[in-house]
Amino acid sequence: MADTKFDLIVVGGGPGGYVAAIRASQLGMKVALVEREHLGGICLNWGCIPTKALLRSSEIFNFIKHAKDFGLEVKGEVSAVLPKIVERSRKVAGQLSGGVKGLLKKNKVTVFDAFGKLAGKAGADRKVALVGKDGAATGEITAPHVILATGARARVLPGLEPDGKFIWTYKEALVPDVMPKSLLVVGSGAIGIEFASFFRTLGAEVTVVEMVDRILPAEDEEISAFAKKSFEKQGMKILTGAVTKGVTKGATNVTVTVEQSGKTQQITVDRVIVAAGIVGNVENIGLEGTAVKVEKTHVVIDDHCRTGEPGVYAIGDLAGPPWLAHKASHEGVICVEAIAGKHVHPLDTSNIPGCTYCTPQVASVGLTEAKAKAAGYQVKVGRFPFIGNGKAIALGEPEGMVKTVFDAKTGELLGAHMVGAEVTEMIQGYTIARTLESTEAELMHTVFPHPTLSEMMHESVLDAYGRVIHF
């Protein structure tokens, strides 16, 4: 190895890792990035991006099936060719992974194709051992600062261990060997619901099992209820307050025992997708003998991403919720700028938007109505339905709702919650408003363009104060 001494070493090339490396280079640091598998990490290669490519294919498939609703006639049978859909998804992921490689090269970041782990100190510097894919040591590099960005992996449930055939994690679900006629999804968070939506749209019979009393449990209760009704209208079967109790594998299918309200039932399906959360990749990265603290498989950090070990930092999924690529990227910037001595604001996780790309889409930022009340706020709540918006009707997307929650005393926007077409794009408007500490006054005085879906954002604010116009 020509270079072994750096100003910063980043272990992990996911969204947080590569963004941290690029920002550090911009600040004049000599940077090394150690990545053992794919630049771009889980998000780009096995998460955010390829799932969106799959969902786009299913969305277009759904549009074509309803072409007559738009005055269009499609000749012949429309079919979904799963291998081609998957092939496109993998090409999209590959293109972007190559793009990350180009960005790192452009910013003069030295990339090591290896597994990295803390290996003690070298004077004032930290040592990182490099291990090849065959498990053999390939050398050491040093730097005064090391950022751990090793990410996370799917949580494995006892009795539902992935086997690559009948029981899938998100990885197998992204490259399915067959199009299942029936599917059971365990977990109704973003990952589970997105796969449920994808396969249901393509024609699979889908059952979702969720252990708590509602789906999308991180979302506002009204939004969860609206989404559940929409999914059930599409033919999805949803079992809440339910848990899996056992699995029996057959020659071509799998039977899952599900308990709900004290009663059990046997559900036989072609495939099972387990989407019951994640665990941090804390193993074999050299944490032993350090002051790095791990709680519930995630590294504990302060508001500038510092661990308990001097010179060692952690970002992204490794460091705790929310498990989102954009959170990881922002943490990477905060961490590096703090290392460089810049004045940085700690990350406010309440201002991080969450997006779920099912049909209909779900997006939110800030406090739910229930959490705002639990925190002691007196609230004003506004709502506006998609059916009252001209653009939504013109698009043929009249199902949805925008909900806003305000502090009744100060007018502060406490939270915003949406379900419907393109809400994952719209939520950023409320996110900016939260960052700017906007009140209802600024939002009311903002002129929203017509005709757009964004007008519903304005109307929801007006509704909270008894001034709604179009409903």
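Throughout, residue positions are numbered sequentially from 1 according to the sequence presented.
Ring orientation note: the planes of F448 and H458 are close to parallel, at an angle under 30° on the 30°/60° scale.
Side chains of T169 and E172: a donor-acceptor N/O pair is present below 3.5 angstrom, by distance only. No hydrogens or angles considered: a donor-acceptor pair under 3.5 Å links the side chains of E219 and S364. Between the side chains of T268 and T255, a donor-acceptor pair is found at a separation under 3.5 Å.
To the nearest 0.5 Å, the span separating CD1 on I267 from CG on L183 amounts to 11.5 Å. Taking CD1 of I85 as the start and CG of L54 as the end, the distance is 7.5 Å to the nearest 0.5 Å. Interatomic distance, CE of M401 versus CZ of F386, reported as 10.0 Å (0.5 Å rounding).
Ion pair E232/K229 not flagged as a salt bridge, since none of the NZ, NE, NH1 or NH2 atoms sits closer than 4.0 Å to an Asp/Glu carboxylate oxygen. At a threshold of 4.0 Å, the pair E397-K391 does not count as salt-bridged, since none of the basic side-chain nitrogens sits closer than that to a carboxylate oxygen. With salt bridges taken as basic N to acidic carboxylate O contacts below 4.0 Å, one links E369 and K373. In this structure, R200 pairs ionically with E205, as a charged nitrogen and a carboxylate oxygen lie closer than 4.0 Å. Between D317 and K327 there is no salt bridge, since none of the side-chain N atoms of the basic residue sits less than 4.0 Å from a carboxylate O of the acidic one.
Checked options K403, R214, R383; the residue passing with D220 is K403 (criterion: salt bridge (Lys or Arg N to Asp or Glu O under 4.0 Å)).
Atom NZ of K133 is surrounded by more than 12 heavy atoms from other residues, nucleotides or ligands within 6.0 Å.
D303 places no side-chain N or O within donor-acceptor distance of the main-chain N or O of P346, the cut-off being under 3.5 Å. A distance-only check finds a donor-acceptor pair linking the side chain of N281 to the backbone of T150 [under 3.5 Å].
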